[in-house]
Protein chains: 2
Amino acid sequence: MDYTIKQVSEKTKLKAHVLRYYEREGLLPFVSRSESGIRRYSEDDLEWIGLICCLKNTGMAIKQIKKFVELSMQGGKTLKQRCDMLAEHKKDVEAQIEKMQKHLRKVEHKIEYFTEQYEKYKIDNT
Amino acid sequence: MDYTIKQVSEKTKLKAHVLRYYEREGLLPFVSRSESGIRRYSEDDLEWIGLICCLKNTGMAIKQIKKFVELSMQGGKTLKQRCDMLAEHKKDVEAQIEKMQKHLRKVEHKIEYFTEQYEKYKIDNT
DNA sequence: TATTGACTTAAAGTTAACGTTAAGGTTTAC
DNA sequence: GTAAACCTTAACGTTAACTTTAAGTCAATA
């Protein structure tokens, strides 16, 4: 049960040209082809794409993801290295979330302040 | 007590050329100049830059920030509009954080899985 | 059989947000 | 008073991550 690029595009919300671009960039070296050269994505490939999207959406650069994929292709001997990479990334994501939350509080304060000001403004202008 | 571009650069961690770039893009229309045309940043300006960085670091595009600044320059009559803009942005930031947290859990699961695999691998290869 | 539509590659274009360079004016420290 | 350390504008360059275009192959459908 393989999928065409279009089906994968629909499942992953990644445009077909983006899937090809990722492949060119070395993010999807495992995707196989039919006799006529057409891409055939397996269930496993979809799992992989899921992880790649997760890493990308948390700010990992494509080059870094490529490194991770390359390590994975080398089998068990790189498990420790991959673990370390993900642990590093985890820290990074946690830091991002904290920063975001801090910024969020600032935005919330501003909203409160502007709301107050707006109430005053309405009274002064009636 | 005004600041030079360099001092502001140090305080805000924004390079001087970035401050000039932001000004060109309409993010800092309030910054005044000395007689000889040198930028003089007030304490208030620093406050403003703080908010701008907050919005930028939470993913608001420079064009959007410019809109917000322009509204602010028009005074009290735009308070409601600004409130609405920030409320929209707040939602956006909250969504970003949630997404990040979801992705973080996936990364954590992968780390757990790889750690297990690594333990097995070590046993098989001794 | 012809045309529609999905697939292919290579390569050039786009966008946001800077970053760098050139060419020159001004202020401050010794 | 002069050299270093600032400042200015204008314009071109860079990077990441796509996006589009051009030119063509292949398979199924009317």
Side-chain angles (χ1 to χ4, degrees), chain A residues 2-42 45 49-69 89 92-93 96 99 103, chain B residues 1-29 31-42 45 48-69 89 92-93 96 99-100 103:
Chain A
D2 286 351
Y3 303 99
T4 66
I5 201 168
K6 179 139 199 242
Q7 290 168 324
V8 176
S9 175
E10 281 156 5
K11 274 179 179 284
T12 62
K13 311 287 173 200
L14 294 173
K15 296 272 167 69
H17 69 252
V18 175
L19 287 164
R20 293 191 202 107
Y21 163 67
Y22 283 178
E23 200 173 315
R24 260 203 317 288
E25 296 299 312
L27 265 55
L28 310 167
F30 38 75
V31 174
S32 56
R33 305 287 184 109
S34 74
E35 279 182 11
S36 47
I38 289 174
R39 289 171 181 82
R40 293 293 167 195
Y41 299 83
S42 70
D45 294 352
I49 293 170
L51 179 57
I52 286 169
C53 286
C54 171
L55 294 176
K56 203 194 61 64
N57 290 330
T58 46
M60 191 183 279
I62 281 180
K63 277 186 186 173
Q64 195 68 3
I65 299 176
K66 183 188 173 177
K67 246 188 210 166
F68 181 81
V69 172
H89 187 59
D92 191 78
V93 177
Q96 282 185 64
K99 213 172 136 189
H103 286 314
Chain B
M1 274 310 298
D2 286 351
Y3 302 99
T4 67
I5 200 168
K6 178 131 199 250
Q7 290 168 323
V8 176
S9 175
E10 282 157 4
K11 273 179 179 283
T12 62
K13 311 286 174 199
L14 295 173
K15 297 272 168 66
H17 71 250
V18 175
L19 287 164
R20 292 190 202 106
Y21 163 67
Y22 283 179
E23 201 174 311
R24 259 202 319 285
E25 295 300 310
L27 265 56
L28 309 167
V31 174
S32 56
R33 305 288 183 108
S34 73
E35 279 182 13
S36 47
I38 290 173
R39 289 173 182 78
R40 295 291 167 196
Y41 299 83
S42 71
D45 293 352
W48 254 113
I49 293 170
L51 179 57
I52 286 168
C53 286
C54 170
L55 295 176
K56 202 194 62 62
N57 289 331
T58 46
M60 191 183 279
I62 282 180
K63 276 186 187 174
Q64 195 69 4
I65 300 175
K66 183 188 172 177
K67 247 187 210 169
F68 181 80
V69 172
H89 187 59
D92 192 78
V93 177
Q96 282 185 64
K99 214 173 136 190
M100 277 286 202
H103 288 313

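Protein chains get the first letters and strands the later ones, always in sequence-line order, with residue 1 at the start of each. Please read these numbers as outputs of a predicted model, since none were measured by experiment. The figures that follow rest on heavy atoms only: side chains count, while hydrogens, waters and symmetry mates do not.
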Set of residues satisfying side-chain contact (heavy atoms from CB on, under 4.5 Å) with respect to Thr58(A), sequence neighbours excluded:
His89(A), Val93(A), Met100(B), His103(B)
Glu10(A): what forms a side chain to side chain donor-acceptor pair (under 3.5 Å) with it, not counting sequence neighbours?
none
Could you give the distance from NZ (Lys66(A)) to NZ (Lys63(A)), rounded to the nearest 0.5 Å?
8.5 Å
First-last contacting nucleotides on DNA chain D - partner chain B, under 4.0 angstrom, heavy atom
dC6(D) to dT9(D)
What is the distance from atom CE of Met60(A) to atom CG of Asp92(A), rounded to the nearest 0.5 Å?
8.0 Å
Heavy-atom check, side chain of Arg40(A) versus side chain of Thr4(A), under 4.5 Å
yes
Show me the protein contacts with nucleotides 1-3 of chain C, counting only N or O atoms at under 3.5 Å.
none

Applying salt bridge (Lys or Arg N to Asp or Glu O under 4.0 Å), can you list everything that pairs with Arg33(B), at least two apart in sequence or on another chain?
Glu23(B)
Heavy-atom distance under 4.5 Å between the side chains of Val31(B) and Trp48(B), does that happen here?
no
Value for NE2 (His17(B)) from CD1 (Ile5(B)), rounded to nearest 0.5 Å, stands at 10.0 Å
Looking across every strand, which nucleic acid part, if any, lies under 4.0 Å from Arg40(B) by heavy atom: base, sugar-phosphate, or nothing?
nothing
With the threshold set at under 4.0 Å for non-hydrogen atoms, list the residues of residues 54-69 of chain B touching DNA chain D in residue-number order.
none
Which residues satisfy the side-chain contact (heavy atoms from CB on, under 4.5 Å) test with Tyr22(A), sequence neighbours excluded?
Leu14(A), Val18(A), Leu27(A), Leu28(A), Lys56(A), Ile62(A)
Can you give me the closest heavy-atom contact between Ser9(A) and Ala16(A), atom names plus distance?
OG-N, 3.6 Å
Under a 4.0 Å heavy-atom cut-off, which of residues 11-24 of chain B touch DNA chain C?
His17(B), Val18(B), Tyr21(B), Tyr22(B)
Locate the shortest heavy-atom distance separating Gly26(A) from Pro29(A); write the atom from each residue and the value.
O-CD, 3.7 Å
By side-chain contact (heavy atoms from CB on, under 4.5 Å), Lys11(A) pairs with (sequence neighbours left out) Tyr3(A), Leu46(A)
Please report, rounded to the nearest Å, how far the C1' atom of dT28(C) is from the NZ atom of Lys6(B).
13 Å
Review item, nucleotides 24-26 of chain C N/O atoms under 3.5 Å of protein N/O:
none

For Ser42(A), side-chain contact (heavy atoms from CB on, under 4.5 Å) partners two or more places apart
Asp2(A), Asp44(A), Asp45(A)
Side chain to side chain donor-acceptor pair (under 3.5 Å) partners for Arg20(A), two or more places apart
none
Roughly how far, to the nearest 0.5 Å, is OH of Tyr41(A) from CG of Leu19(A)?
4.5 Å
